[in-house]
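A quick write-up on the structure given underneath.
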Number of protein chains: 2
Amino acid sequence: MEDGTQAAGGAKPSRIQLRNRKRILDAALDVFSMHGFRGATLDQIAEASGLSKPNILYYFAGKEEIHVTLLNGLMDTWLDPMRAIDPAGEPLDEILRYVHRKLEMSRALPRESRLFANEILQGAPMIGAGLVSVLKPLVDETAALIESWGAAGRLKPVDGRHLIFSIWATTQHYADFDAQVQVLLDGRDGHEDASVFLDTLYRRMLAV
Amino acid sequence: MEDGTQAAGGAKPSRIQLRNRKRILDAALDVFSMHGFRGATLDQIAEASGLSKPNILYYFAGKEEIHVTLLNGLMDTWLDPMRAIDPAGEPLDEILRYVHRKLEMSRALPRESRLFANEILQGAPMIGAGLVSVLKPLVDETAALIESWGAAGRLKPVDGRHLIFSIWATTQHYADFDAQVQVLLDGRDGHEDASVFLDTLYRRMLAV
DNA sequence: TCGTGCTTTTACCATTTGGTAAAAAAGTGG
DNA sequence: CCACTTTTTTACCAAATGGTAAAAGCACGA
């Protein structure tokens, strides 16, 4: 009686629940990343997941809850490369490793990249709070680290935040604006050349 | 009789038509850039423009035509900075001037930037053809110019297309992901610092 | 001033869409 | 095999949305 009868916050998610929630979230990632939140419909998610619409609403309270669940669930994965920057490492190597890991994520997880891009473009209506509580502290810390490296003469001094912005922008560009990149590269996969280009860019920017 | 009775393709747009079409397009730019094509509604555009919904449909055949009209009308403005690159100029100055003009557009015309970003994110369903016929030739030409500068020893050699991608990404980032930038900069306007950062970035990347 | 054609409003519609109620159909522990 | 719970389906709905028909207003030259 005291447990949420619905498949919500309870304590013991059954095997069926685990499997179906996963199916729904994967289908929703497809649909949301392709059409954006408002452009996506529950019917599309239903068809892509192989479940009926009411069945989906048995597992999630509504369309918005699916979207928020996706966003929150992916936030950690998304920020992992930044967390992996080692303050004890060699500064230039750490930054370049971060760039390459971000670019690799752009290639491996383009749906996730577009999901976030859509959300931010719309003004982050659903993860605004997450940006403040999760992203901001991490960025503040990382920017400070980068600038301390600069002050110590181990990197050319740069504005840490704007460096981070530029790394996000240049790497995620290949996922978010893939339609344009495809046209301009005649359908060739640009990630290999992008990797070389970005390596050069940030090496020249930062190497002492 | 032979002219499209509707305010469409005729030959002599009246003063009223000019004014109202402008109103509609401006309102639509607000709404589309904020919510994306599918997230925007005719009612929102109607309210923002001060016209009734049927009145809007008197001037445009449908929601999609408004969107396409906006996209096509803005394409030229959007590409002007790239067209302004002077093959006879000093290479580094020309590139840096391009970067600064793009960044300035990001600050002055964020709605336009988001409109395009939304469209490309969704796979460019409405301007795919325009990308091929207008954007691609210009980018091909500009990339070739940049690489010829590199080959002539007037710039450090770089992949022209990926350089262009990086300039788009880094400058438009401030408009498209403004919600995130605002959070991470505590609401400060980042364009001044961005200008300095990007100047340094591309100067170090390209100066011989 | 009057008529003609451009512009705007008033009423509607059909479809789509997020969501619900309740019954049917599995599962599952005893 | 049975009672009880979880899962799925069937049948709906109200609101939102893109769009239309046709009448009413309006501008402006003859």
Side-chain angles (χ1 to χ4, degrees), chain A residues 1-25 27-28 30-32 34-70 122 125-126, chain B residues 1-25 27-28 30-32 34-70 122 125-126:
Chain A
M1 202 54 122
E2 34 96 309
D3 80 306
T5 316
Q6 293 292 63
K12 25 106 220 244
S14 76
R15 225 165 304 120
I16 290 180
Q17 282 191 21
L18 246 40
R19 178 172 52 84
N20 281 350
R21 283 180 67 97
K22 205 161 289 179
R23 276 190 191 174
I24 292 168
L25 289 174
D30 267 352
V31 176
F32 282 135
M34 199 154 7
H35 304 290
F37 178 73
R38 300 208 48 183
T41 70
L42 283 177
D43 291 287
Q44 290 173 309
I45 298 174
E47 200 199 326
S49 67
L51 300 177
S52 69
K53 183 165 65 175
N55 203 6
I56 285 177
L57 291 166
Y58 171 74
Y59 289 102
F60 291 91
K63 183 183 172 183
E64 188 167 322
E65 195 188 281
I66 304 178
H67 197 246
V68 169
T69 302
L70 267 180
Q122 316 300 318
M126 297 181 200
Chain B
M1 202 54 121
E2 34 98 309
D3 81 305
T5 315
Q6 292 292 63
K12 23 107 223 242
S14 76
R15 226 166 304 121
I16 291 180
Q17 281 190 23
L18 246 40
R19 178 174 51 85
N20 280 350
R21 283 180 67 98
K22 205 162 288 180
R23 275 189 191 174
I24 292 167
L25 289 174
D30 267 353
V31 177
F32 281 135
M34 199 153 9
H35 304 290
F37 178 72
R38 302 206 47 183
T41 72
L42 283 178
D43 291 286
Q44 290 172 310
I45 298 174
E47 200 198 328
S49 68
L51 300 177
S52 69
K53 183 165 66 176
N55 203 6
I56 284 178
L57 291 167
Y58 170 75
Y59 289 101
F60 291 90
K63 183 182 172 184
E64 188 167 323
E65 195 186 282
I66 304 177
H67 198 246
V68 169
T69 301
L70 267 180
Q122 316 300 317
M126 297 180 199

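Values in this document were obtained by computation on a predicted structure and should not be read as measured data.
- Near DNA chain D, meaning a heavy atom under 4.0 Å away, the residues from residues 38-51 of chain A are A:R38.
- In terms of phosphate contacts, B:S52 brings a side-chain nitrogen or oxygen within less than 4.0 Å of OP1 or OP2 of C:dT9.
- Of the candidates C:dT8, D:dT20, D:dT9, the closest approach to any side-chain atom of A:P54 belongs to D:dT9.
- No N or O donor and acceptor, one from the side chain of A:K63 and one from the base of C:dG19, sit under 3.5 Å apart.
- A:P54 meets the side chain to side chain contact (heavy atoms under 4.5 Å, CB included) test with A:S52; sequence neighbours excluded.
- Here the P atom of nucleotide D:dT6 and the CG atom of A:L18 are 16 Å apart, to the nearest Å.
- Judged as a side chain to side chain contact (heavy atoms under 4.5 Å, CB included), and not counting sequence neighbours, the contacts of A:I16 are A:S14, A:R19, A:N20, A:Y59.
- Between B:Q17 and the phosphate of C:dC6, there is no side-chain N or O to OP1/OP2 separation shorter than 4.0 Å.
- The separation between A:I24 atom CD1 and D:dT7 atom P is 11 Å, rounded to whole Å.
- A:E47 pairs by the side chain to side chain contact (heavy atoms under 4.5 Å, CB included) definition with nothing, not counting sequence neighbours.
- A:M34 meets the side chain to side chain contact (heavy atoms under 4.5 Å, CB included) test with no other residue; sequence neighbours excluded.
- For B:T41, the side-chain hydrogen bond (donor to acceptor under 3.5 Å, both in side chains) partners two or more places apart in sequence, or in a different chain, are B:Q44.
- Using bins of under 30°, 30° to 60° and over 60° for the plane-to-plane angle, the ring pair B:F37/B:H67 lands in the tilted bin.
- Partners of B:K63 by salt bridge (charged side-chain N to carboxylate O under 4.0 Å, His left out), not counting sequence neighbours: none found.
- Under 4.0 angstrom from either OP1 or OP2 of D:dT8 there lies at least one side-chain N or O belonging to A:N20.
- Remark: P of D:dA21 and NZ of B:K53 are 15 Å apart, rounded to the nearest angstrom.
- Phosphate proximity of D:dT8 to A:Y58: absent, as no side-chain N or O sits under 4.0 Å from OP1 or OP2.
- With respect to A:I45, the side-chain contact (heavy atoms from CB on, under 4.5 Å) criterion is satisfied by exactly one of A:V31, A:D30, A:L51: A:V31.
- Distance A:N55 CG to D:dT9 P: 6 Å, rounded to the nearest Å.
- Separating the CD1 atom in A:I24 from the CD atom in A:Q17 is a distance of 10.0 Å, to the nearest 0.5 Å.
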Identify all pairs in which a protein N or O lies below 3.5 Å from an N or O of nucleotides 23-30 of chain D, and state each distance.
none

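- Across the protein-nucleic acid pair, A:R19 atom CZ and C:dG27 atom C1' stand 12 Å apart, rounded to whole Å.
- As rounded to whole Å, 13 Å separates atom C1' of D:dT9 from atom OH of A:Y59.
- Here the P atom of nucleotide C:dC13 and the CG atom of B:L57 are 18 Å apart, to the nearest Å.
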